[in-house]
Amino acid sequence: VKRGGKNGYRFYSPELDEELLFKIEIEADLRKAIERGELEVYYQPQYRMPDRQLIGIEALLRWKHPVRGMIPPDRFIPIAEETGIIMEIGRWVLREACLQTKIWHDAGQTKVPVSVNLSTQQFHQPDLEFEIERILVETGLDPQYLELEITESMMMDAALSIAIMNRLKRLGIRLSLDDFGTGYSSLSYLSMLPISRLKIDRSFVMRLEESGNERAIVTTIIAMAYSLGMDVIAEGIETEGQLEILTEQRCLEFQGYYFSRPVPPGDLFAGDADLSLGM
Ligand code: C2E
Ligand code: CA
Ligand code: CA
Ligand code: CA
């Protein structure tokens with residue numbers, strides 16, 4: 001099944017039909033996925049160089065569909081957003097990630113924060129901070145070990161977004177700005193956001209080795225983050241070359257296949273994830 005195009009009007013086509021059927025089917029299956037235990041959270045480590053210190057883990061949702069196999073989040077999260085099922089799924093991921101992180105902490109693993117991706121709908125949920133507070137209390141996770149990843153595209157209304165973020169910050173959790181550079185640049189607001197970290201989007205990292213433009217953009221993002229007192233992490237690191245360029249630009253934090261793919265919770269501290277330099 002091919003993805004639907006972005007260009008507005010489309011004539012009826014078998015492909016469109018297939019896409020529609022996919023959506024309808026996925027929507028019905030998603031409603032049952034949680035109770036059937038088909039959803040899982042994988043974890044991808046984040047490191048600080050040069051000593052390759054573990055500084056965090058990102059929680060990434062996985063759906064093992066009984067018939068279709070593994071469906072990537074990019075494929076079903078938009079449908080979950082459209083249908084509102086994302087609220088229940090988002091809640092589930094948050095609880096699961098907090099619970100798992102608490103289990104690791106209690107088992108004596110290095111205490112690092114877990115980063116959970118927030119959806120647009122969750123971000124605008126009026127009682128979000130109460131829900132998160134409840135999850136933190138129920139799972140027993142210390143709030144400083146939860147980071148929420150927010151994207152620029154969620155922040156259509158700057159004043160509202162700042163208010164929401166300030167309410168979340170009061171819980172003692174951390175906020176980061178994901179996919180930075182891809183959205184509408186709310187550059188003028190950036191300094192007003194209670195954000196501790198910028199995530200340089202993979203699309204820039206991907207082209208770093210070929211393009212001087214990308215280097216210039218990344219240099220600017222890094223300088224901006226530091227001047228605002230924020231940390232900066234680059235995602236999607238796949239090669240030694242990308243790591244070198246970013247290190248020259250004074251970026252210290254990294255996440256990507258070069259270090260480790262996202263792995264099931266049982267594998268994260270099992271050695272494999274930690275030793276898989278260069279996969
Ligand atoms: P994202 O938040 O930008 O997450 C990073 C994506 O890049 C993940 O894809 C990750 O597996 C992938 N990745 C990490 N390192 C590399 C690399 O070196 N090379 C390449 N090619 N890819 C890399 P994934 O897990 O398929 O997730 C895709 C997107 O789905 C995420 O993008 C995020 O927007 C969304 N997503 C995932 N889990 C959740 C969730 O629990 N809630 C919400 N709302 N969205 C989620
Ligand atoms: Ca993310
Ligand atoms: Ca990202
Ligand atoms: Ca992305």
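In this text, all values refer to a predicted model and were calculated from it rather than measured experimentally. First listed ligand is number 1; within each ligand, the first listed atom is number 1.
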Chemist: Please lay out, stage by stage, how Glu209 and Thr239 fare under the test side chain to side chain donor-acceptor pair (under 3.5 Å).
Modeler: CA-CA 9 Å; Glu209 285 164 299; Thr239 69; 3.1 Å; yes
Chemist: Under a 4.0 Å threshold between the charged nitrogen and the carboxylate oxygen, would Lys199 count as salt-bridged to Glu149?
Modeler: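 Counted as a salt bridge, because a side-chain N and a carboxylate O are separated by less than 4.0 Å.
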Chemist: What protein N/O/S atoms are there under 3.0 Å from the Ca ion (ligand 2), waters excluded?
Modeler: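 You should have found Glu58 OE2, Asn117 OD1, Glu149 OE1, Asp178 OD2.
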Chemist: Before signing off on this row, confirm whether Gln122 and ligand 1 have an N or O atom pair separated by under 3.5 Å.
Modeler: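 There is no such contact.
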Chemist: At less than 4.0 angstrom from any non-hydrogen atom of Asp179, what atoms of ligand 1 do you find?
Modeler: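 Those of ligand 1 that fall under 4.0 Å from Asp179 are 3 (O).
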Chemist: Output the list of atoms in ligand 1 that are nearer than 4.0 Å to some heavy atom of Ile237, sorted by atom number.
Modeler: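 That gives atoms 18 (O) of ligand 1.
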Chemist: Should Glu253 and Val232 count as side-chain neighbours, where that means a heavy-atom distance under 4.5 Å?
Modeler: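 Answer no - side chains too far apart.
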Chemist: Taking non-hydrogen atoms only, is Ile89 closer than 4.0 angstrom to ligand 1 via side chain, backbone, both or neither?
Modeler: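 Neither; no heavy atom under 4.0 Å.
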Chemist: Please state whether Gly90 comes within less than 4.0 angstrom of ligand 1, counting heavy atoms only.
Modeler: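 Not so, Gly90 does not reach ligand 1.
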Chemist: Which of the atoms in ligand 1, numbered in the order shown and given with their element, are less than 4.0 Å from a heavy-atom of Glu58?
Modeler: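 That gives atoms 2 (O), 4 (O) of ligand 1.
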Chemist: Are Arg197 and Gln46 linked by a side-chain donor-acceptor pair shorter than 3.5 Å?
Modeler: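 Their side chains do contain a donor-acceptor pair, which is all the 3.5 Å distance test asks for.
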Chemist: Do Ile200 and Ile233 have side chains that get closer than 4.5 Å, going by heavy atoms?
Modeler: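 The answer is no, as the side chains (C-beta and beyond) never meet within the 4.5 Å cut-off.
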Chemist: What do you reckon, does Pro262 put a non-hydrogen atom under 4.0 Å from ligand 1?
Modeler: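 For ligand 1, residue contact (heavy atoms, under 4.0 Å) with Pro262 is present.
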Chemist: Numbering the atoms of ligand 1 from 1, which are under 4.0 Å from a heavy atom of Glu235?
Modeler: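 Once the distances to Glu235 are compared, the set is 3 (O), 5 (C).
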Chemist: Are Thr83 and Glu27 close enough that a side-chain donor and a side-chain acceptor fall under 3.5 Å?
Modeler: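 Their side chains do not contain a donor-acceptor pair, so the 3.5 Å distance test is not met.
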Chemist: Closer than 4.0 angstrom, basic N to acidic O: yes or no for Arg62 and Glu40?
Modeler: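 No.
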Chemist: Tell me whether Arg52 forms a cation-pi arrangement with Phe254, defined as NZ or CZ under 6.0 Å from the six-membered ring centre and within 45 degrees of its axis.
Modeler: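 Checked: cation-pi criterion not met.
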Chemist: Report the residue from Glu131, Glu138, Glu88 that forms a salt bridge (charged side-chain N to carboxylate O under 4.0 Å, His left out) with Arg95.
Modeler: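 For Arg95, the salt bridge (charged side-chain N to carboxylate O under 4.0 Å, His left out) check succeeds only for Glu138.
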Chemist: Out of all atoms in ligand 1, which are within 4.0 Å of some heavy atom of Gln44? Include the element for each.
Modeler: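 The list of qualifying atoms is 14 (C), 15 (N).
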Chemist: Can you list the atoms of ligand 1 that are under 4.0 Å from a heavy atom of Ser119?
Modeler: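 Going through ligand 1 atom by atom, the ones under 4.0 Å from Ser119 are 44 (N).
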Chemist: Any side-chain to backbone donor/acceptor pair from Glu96 onto Trp92? Under 3.5 Å, distance only.
Modeler: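 No: the side chain of Glu96 does not pair with the backbone of Trp92.
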Chemist: Are Pro262 and Tyr257 close enough that some pair of their side-chain heavy atoms sits under 4.5 Å apart?
Modeler: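 Of all side-chain heavy-atom pairs linking Tyr257 with Pro262, at least one is under 4.5 Å.
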Chemist: Checking side-chain polar atoms at under 3.5 Å, does Glu235 have a donor or acceptor matched by the opposite partner on Gln255?
Modeler: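 Checked: Glu235/Gln255 side chains show no N/O donor-acceptor pair below 3.5 Å.
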Chemist: Using a 4.0 Å heavy-atom cut-off, say whether Ile77 meets ligand 1 through its side chain, its backbone, both or neither.
Modeler: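 The answer is the side chain of Ile77.
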Chemist: Decide whether an N or O pair under 3.5 Å exists between Leu61 and ligand 1.
Modeler: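 The answer is yes, given that Leu61 and ligand 1 share an N or O pair closer than 3.5 Å.
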Chemist: Can you find a side-chain donor-acceptor pair between Ser203 and Asp201 that sits under 3.5 Å?
Modeler: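 Checked: Ser203/Asp201 side chains pair up, N/O donor to acceptor below 3.5 Å.
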Chemist: Looking at ligand 1, is there an atom of it that comes within less than 4.0 Å of some heavy atom belonging to Arg62?
Modeler: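 Contact present.
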Chemist: Hey, looking at atom 17 (C) of ligand 1, which of Tyr257, Tyr258, Trp92, Phe76 has the closest heavy atom?
Modeler: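 It is Tyr257 whose heavy atom sits nearest to atom 17 (C) of ligand 1.
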